[in-house]
Amino acid sequence: MQESPVKTRPSLRLSRSYNATPEKVWRAWTDAQALAHWFRPDPAFAVTVVEFDVREGGSYRIVMRAPDGEDHDVRGVYREVVRNEKLVFTWAWASTPERESLVTVTLRPAGAGTELTLLHEQFADTEARDRHQEGWNGCLAQLARSVA
């Protein structure tokens with residue numbers, strides 16, 4: 001019996017170095033007030049809702065408002081939480097909940113700072129991956145300013 005080939009879904013991996021401790025970068029991802037300051041693809045966006053329960057099985061919801069007034073509502077469930085080291089969570093836009101993907105954020109001490117690796121997997125298609133790559137690049141740039 002021959003197995004059918006597994007179709008791999010698009011993913012992206014981004015790495016950044018921050019001049020901040022893993023604890024400070026972790027707090028930026030896990031404290032609602034801290035996250036509201038940076039979690040947007042562009043400074044012109046506003047974070048209007050941050051709700052989360054950062055524990056395995058806990059859920060989150062983040063709403064970003066674009067300059068044109070459109071809300072971008074993302075939500076998911078934490079699959080793995082290792083303090084100051086790793087967050088794994090599902091990712092789905094409220095407008096397309098059937099297109100769930102998976103995000104893994106890994107923090108590693110690097111000298112006096114932190115190396116962050118973001119792996120976003122299981123995109124529905126390359127177009128979605130490319131849009132998210134642009135969004136994550138913007139978010140990670142905002143994060144750099146937030147933890148500086």
Side-chain angles (χ1 to χ4, degrees), residues 5-66 71-148:
V6 175
K7 182 178 184 241
T8 58
R9 295 172 68 186
S11 65
L12 70 91
R13 179 185 303 271
L14 301 170
S15 293
R16 297 287 184 278
S17 294
Y18 295 105
N19 191 19
T21 63
E23 292 80 10
K24 187 170 186 179
V25 178
W26 175 264
R27 183 180 172 278
W29 282 90
T30 60
D31 177 271
Q33 198 170 14
L35 187 126
H37 286 288
W38 69 269
F39 198 91
R40 55 184 171 261
D42 182 285
F45 279 65
V47 177
T48 58
V49 176
V50 179
E51 302 168 344
F52 53 54
D53 180 8
V54 184
R55 63 177 175 82
E56 289 179 20
S59 63
Y60 74 89
R61 177 177 177 232
I62 302 165
V63 179
M64 296 164 276
R65 181 161 294 146
D71 282 341
H72 300 270
D73 185 338
V74 68
R75 51 191 74 188
V77 174
Y78 291 100
R79 295 244 179 107
E80 186 177 353
V81 177
V82 181
R83 186 174 181 79
N84 300 327
E85 292 180 20
K86 187 177 191 182
L87 278 175
V88 180
F89 50 93
T90 61
W91 177 276
W93 295 104
S95 58
T96 54
E98 72 284 358
R99 294 177 68 147
E100 185 177 88
S101 53
L102 187 69
V103 177
T104 301
V105 176
T106 307
L107 306 177
R108 188 175 62 74
T114 302
E115 181 180 314
L116 177 147
T117 302
L118 184 142
L119 174 63
H120 196 153
E121 303 174 276
Q122 302 172 9
F123 286 107
D125 52 45
T126 55
E127 183 182 327
R129 181 205 52 210
D130 294 348
R131 283 193 316 270
H132 282 81
Q133 182 164 353
E134 184 177 331
W136 279 122
N137 278 323
C139 284
L140 295 177
Q142 300 302 319
L143 176 59
R145 287 188 268 287
S146 180
V147 299

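Every heavy atom of this structure was used, including side-chain atoms; hydrogens, water molecules and symmetry mates were not.
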Is it the case that the side chain of [X] and the backbone of [Y] share a donor-acceptor pair, with hydrogens and angles ignored and the cut-off at 3.5 Å?
{"X": "Asp71", "Y": "Asp73", "answer": "no"}
{"X": "Thr114", "Y": "Ala20", "answer": "yes"}
{"X": "Arg9", "Y": "Gln122", "answer": "yes"}
{"X": "Trp38", "Y": "Ala28", "answer": "yes"}

For [X], is the [atom1] atom crowded, meaning more than 12 foreign heavy atoms sit under 6.0 Å from it?
{"X": "Arg131", "atom1": "CZ", "result": "yes"}
{"X": "Arg27", "atom1": "CZ", "result": "no"}
{"X": "Glu51", "atom1": "CD", "result": "yes"}
{"X": "Arg83", "atom1": "CZ", "result": "no"}

**OP:** Indicate yes or no: at least one non-hydrogen side-chain atom of Leu87 is less than 4.5 angstrom from one of Thr104.
**Re:**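 A side-chain contact under 4.5 Å is absent here.
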Subject >> Validation row: Arg16, Leu143 side chains within 4.5 angstrom (heavy atoms) >> reply: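 Counting from C-beta outward, Arg16 and Leu143 never come under 4.5 Å.
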What is the distance from atom [atom1] of [X] to atom [atom2] of [Y], rounded to the nearest 0.5 Å?
{"X": "Trp93", "Y": "Ser101", "atom1": "CH2", "atom2": "OG", "result": "9.5 Å"}
{"X": "Thr48", "Y": "His72", "atom1": "OG1", "atom2": "NE2", "result": "10.5 Å"}
{"X": "Leu119", "Y": "Arg13", "atom1": "CG", "atom2": "CZ", "result": "4.5 Å"}
{"X": "Met64", "Y": "Asp42", "atom1": "CE", "atom2": "CG", "result": "11.5 Å"}
{"X": "Lys24", "Y": "Leu107", "atom1": "NZ", "atom2": "CG", "result": "14.0 Å"}
{"X": "Leu12", "Y": "Trp136", "atom1": "CG", "atom2": "CH2", "result": "9.0 Å"}

Closest approach of [X] and [Y], non-hydrogen atoms and distance?
{"X": "Trp29", "Y": "Leu140", "value": "CZ2-CD2, 4.3 Å"}
{"X": "Gln142", "Y": "Arg145", "value": "NE2-NH2, 3.0 Å"}
{"X": "Pro97", "Y": "Ala92", "value": "O-CB, 4.0 Å"}
{"X": "Tyr18", "Y": "Val25", "value": "CB-CG2, 4.3 Å"}
{"X": "Gly113", "Y": "Pro22", "value": "O-CD, 4.1 Å"}
{"X": "Cys139", "Y": "Pro41", "value": "SG-N, 3.8 Å"}

Subject >> Worked verdict on Arg129 versus Thr126 for side-chain contact (heavy atoms from CB on, under 4.5 Å) >> reply: CA-CA 5 Å; Arg129 181 205 52 210; Thr126 55; 3.8 Å; yes
**OP:** Begin from the C-alpha positions of Phe89 and Phe52 and carry the test side-chain contact (heavy atoms from CB on, under 4.5 Å) through to its verdict.
**Re:** CA-CA 11 Å; Phe89 50 93; Phe52 53 54; over 6 Å; no
**OP:** Please report the C-alpha distance between Val88 and Val103 in whole Å, then the side-chain angles of each, then the deciding distance to 0.1 Å, and finally whether the side-chain contact (heavy atoms from CB on, under 4.5 Å) criterion is met.
**Re:** CA-CA 6 Å; Val88 180; Val103 177; over 6 Å; no
**OP:** For side-chain contact (heavy atoms from CB on, under 4.5 Å), just list the numbers for Glu56 and Glu80, CA-CA rounded to whole Å, side-chain angles, deciding distance to a tenth of an Å, and then say yes or no.
**Re:** CA-CA 5 Å; Glu56 289 179 20; Glu80 186 177 353; 4.1 Å; yes
**OP:** Could you point out which residue of His132, Glu100, Glu121 forms a side-chain hydrogen bond (donor to acceptor under 3.5 Å, both in side chains) with Trp91?
**Re:**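 It is His132; the other options fail the test.
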